[in-house]
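Below you'll find the structure, written out as structure tokens, and then a few comments.
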Amino acid sequence: MKLTPRLALLLTLPPLLWAGNAVVGRLVRDDIPPMMLNALRWLLAFVLLAPWATRLLANPREALVRWRGLAWLGFLGMGCYNALQYLALHTSSPLNVTLITASMPVWMLGVGALFYGVKPARRQLVGAGLSLLGVAVVIARGEPAALLAVRFVPGDLLMLLAIFTWAVYSWMLARPAKGLRPGERPDWNWAEALMAQLMFGVVFSGVAAGAEQVIAPADIRWSPILVAALVYVAIGPSLIAYRCWGMGVAQAGPALAGFFVNLTPVFAAIISAALLGIAPAWYHGLAFALIVAGIVVSSR
């Protein structure tokens with residue numbers, strides 16, 4: 001599909017909200033365990049979404065008979081990706097996490113080629129190269145020699161695993177499993193379609209939070225800041241971002257959508273400057289230009 005301003009906005013809003021999610025997750029890392037943060041996030045999102053999904057909640061059998069496909073979506077998109085990201089933020093910085101997320105186009109193209117038989121076009125490979133060059137500019141802080149000094153921490157590796165789960169999740173949205181394809185599923189509105197995933201995502205995230213408390217018990221230190229953080233991650237990076245991402249992937253396809261994720265580190269740098277006092281530098285502007293160039297080339 002042609003990249004229209006509306007479609008570009010749909011695919012730009014999620015990276016902006018997810019960048020805020022990474023910064024907020026880092027801010028409250030000492031106040032709440034990562035799996036518990038993920039579980040409370042999706043539980044609150046479930047409650048907030050319920051008034052718009054009453055038809056599905058009144059007849060949950062429509063989702064339960066399609067449990068295989070929905071369970072995978074809930075497990076990968078809600079149970080794995082976000083939990084791994086919050087866990088990564090305990091040893092990695094928001095900028096590192098979002099920079100690693102910027103490898104998303106490569107993962108999207110790889111998953112499409114390996115599991116769906118969709119070979120990447122030359123323009124997509126060129127676009128991926130430009131976007132990754134933009135990421136490298138930020139990592140090197142504008143000095144190429146600095147790339148040799150880059151060191152990965154455990155959180156960075158967890159984030160790589162998280163990105164893989166998100167790439168698979170996105171392809172499953174674009175190529176739904178049997179029973180979830182157009183014409184095979186009930187006439188769900190957007191809230192009911194997301195709620196169908198949440199019904200399983202809440203279970204997976206809750207089980208993970210319970211296991212976390214058994215293995216490494218930790219108290220939640222409640223405060224107004226933590227409550228505000230929970231409200232933000234439940235509404236912005238969850239309900240709004242997932243709604244926009246689902247619509248964007250359906251229209252543009254996961255390969256092109258993946259390039260927009262590369263905007264996340266740029267937004268993270270701006271938000272970090274506002275909340276953490278870390279001012280963006282000239283190379284952030286250069287990186288933004290390269291990432292946008294990658295999007296333009298890949299969408300031609």
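Both Leu157 and Tyr81 belong to a single network of hydrophobic side chains, linked directly or stepwise wherever heavy atoms of I, L, V, M, F, W or Y lie under 4.5 Å apart. The hydrophobic clustering, which links ILVMFWY residues whose side-chain heavy atoms are closer than 4.5 Å, places Val227 and Val24 together. Criterion: ILVMFWY side-chain heavy atoms under 4.5 Å apart, direct or through other members. Under it, Leu64 and Leu180 are part of a common hydrophobic cluster. Residue Leu160 is not grouped with residue Leu84 when hydrophobic side chains (ILVMFWY) are merged at heavy-atom distances under 4.5 angstrom, including chains of intermediate members. Leu7 and Ile240 fall within the same hydrophobic cluster, where Ile, Leu, Val, Met, Phe, Trp and Tyr residues are linked whenever their side-chain heavy atoms come under 4.5 Å apart, directly or through other members.
Evaluation of the side-chain hydrogen bond (donor to acceptor under 3.5 Å, both in side chains) rule for Gln85 yields Asn21 as partners, not counting sequence neighbours. For Trp171, the side-chain hydrogen bond (donor to acceptor under 3.5 Å, both in side chains) test picks out no residue, with sequence neighbours left out. With sequence neighbours excluded, no residue satisfies side-chain hydrogen bond (donor to acceptor under 3.5 Å, both in side chains) with Thr264. Applying the ring pair (Phe, Tyr, Trp, His ring centres under 6.0 Å) rule to Tyr232 yields no partners; only residues at least two apart in sequence or on another chain are considered. Residues meeting the ring pair (Phe, Tyr, Trp, His ring centres under 6.0 Å) test with Phe164, sequence neighbours left out: Trp107. Legend: residues meeting ring pair (Phe, Tyr, Trp, His ring centres under 6.0 Å) with Tyr169, ordered by chain and number and at least two apart, are Trp166.
For the salt bridge (Lys or Arg N to Asp or Glu O under 4.0 Å) condition, the pairs that include at least one residue of residues 192-202, sequence neighbours left out, are Arg55-Glu192. Screening residues 26-51 for ring-ring contact (aromatic ring centres under 6.0 Å, His included) gives Trp42-Tyr242 as the qualifying pairs, with residues at least two apart or on separate chains. Annotation: salt bridge (Lys or Arg N to Asp or Glu O under 4.0 Å) contacts involving residues 200-229, sequence neighbours excluded, comprise Asp31-Arg221. Applying the ring-ring contact (aromatic ring centres under 6.0 Å, His included) test to pairs two or more places apart or on separate chains, none has a residue in residues 173-194.
With contacts defined as side-chain heavy-atom distances shorter than 4.5 Å, the pair Arg185/Pro176 does not qualify. In this structure, the side chains of Leu37 and Asn82 stay at 4.5 Å or more apart for every pair of heavy atoms. For the pair Met172 and Phe115, the minimum side-chain heavy-atom distance is 4.5 Å or more. Two residues are said to be in side-chain contact when any heavy atoms from C-beta on lie closer than 4.5 Å; Leu226 and Ile220 meet this criterion. With a 4.5 Å cut-off on side-chain heavy atoms, Arg6 and Met247 count as touching. In this structure the side chain of Val249 never reaches within 4.5 angstrom of the side chain of Leu256, judged on heavy atoms. For the pair Ser170/Met108, a side-chain contact is recorded, criterion being any heavy-atom separation below 4.5 Å from C-beta on. In this structure, Met35 and Leu40 have side chains that are not in contact, with every pair of non-hydrogen atoms separated by 4.5 Å or more.
To the nearest 0.5 Å, atoms OG1 (Thr91) and CG (Leu158) are separated by 6.5 Å. Rounding to the nearest 0.5 angstrom, the gap separating the CG atom in Leu11 from the CG atom in Leu16 is 13.0 Å. Annotation: the span from Leu230 atom CG to Ile32 atom CD1 amounts to 5.5 Å, rounded to 0.5 Å. Between Met199 atom CE and Met195 atom CE the span is 8.5 Å, to the nearest 0.5 Å.
Heavy-atom minimum distance, Leu10 versus Pro14: O-CD, 2.9 Å. The minimum heavy-atom distance linking Val23 with Ala268 is given by the pair CG2-O, 4.3 Å. Nearest heavy-atom pair across Leu173 and Gly246 is CD1-CA, 4.4 Å. The minimum heavy-atom distance linking Arg41 with Val233 is given by the pair NE-O, 3.3 Å. The two atoms that bring Gln213 and Pro33 nearest to each other are NE2-CG, 3.7 Å, heavy atoms only. Taking all atoms of both residues into account, the shortest heavy-atom contact from Gly179 to Glu184 is N-OE1, 2.7 Å.
Arg26 places a side-chain N or O within 3.5 Å of a backbone atom of Ser92 that can act as its donor or acceptor partner. Between the side chain of Arg243 and the backbone N or O of Ser238, no donor-acceptor pair lies under 3.5 Å. Here the side chain of Gln197 pairs no donor or acceptor atom with the backbone of Leu194 at under 3.5 angstrom.
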Side chain to side chain contact (heavy atoms under 4.5 Å, CB included) between Leu263 and Thr12, worked out: CA-CA 8 Å; Leu263 294 171; Thr12 300; 4.1 Å; yes
Residue pair Met159, Leu89: steps toward the side chain to side chain contact (heavy atoms under 4.5 Å, CB included) verdict: CA-CA 9 Å; Met159 201 58 213; Leu89 286 166; over 6 Å; no
Criterion side chain to side chain contact (heavy atoms under 4.5 Å, CB included) on Leu109 and Leu125, from CA distance to verdict: CA-CA 9 Å; Leu109 296 175; Leu125 296 176; 4.2 Å; yes
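Other residues, nucleotides and ligands contribute more than 12 heavy atoms inside 6.0 Å of the CG atom of Leu48.
Remark: of the listed residues Phe260, Phe267, Trp245, Trp245 is the sole one forming a ring pair (Phe, Tyr, Trp, His ring centres under 6.0 Å) with Trp18.
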Under 3.5 Å, side-chain donor or acceptor atoms of residues 202-210 against the rest of the protein: list the pairs with distances, not counting sequence neighbours.
unit_1 : atom_1 : unit_2 : atom_2 : d
Ser205 : OG     : Gly201 : O      : 3.0
Ser205 : OG     : Val202 : O      : 3.1

Distance-only donor-acceptor hits, side chain of residues 68-79, under 3.5 Å, sequence neighbours excluded:
none

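In the model, Arg29 has no side-chain atom that pairs as donor or acceptor with a side-chain atom of Tyr86 under 3.5 Å.
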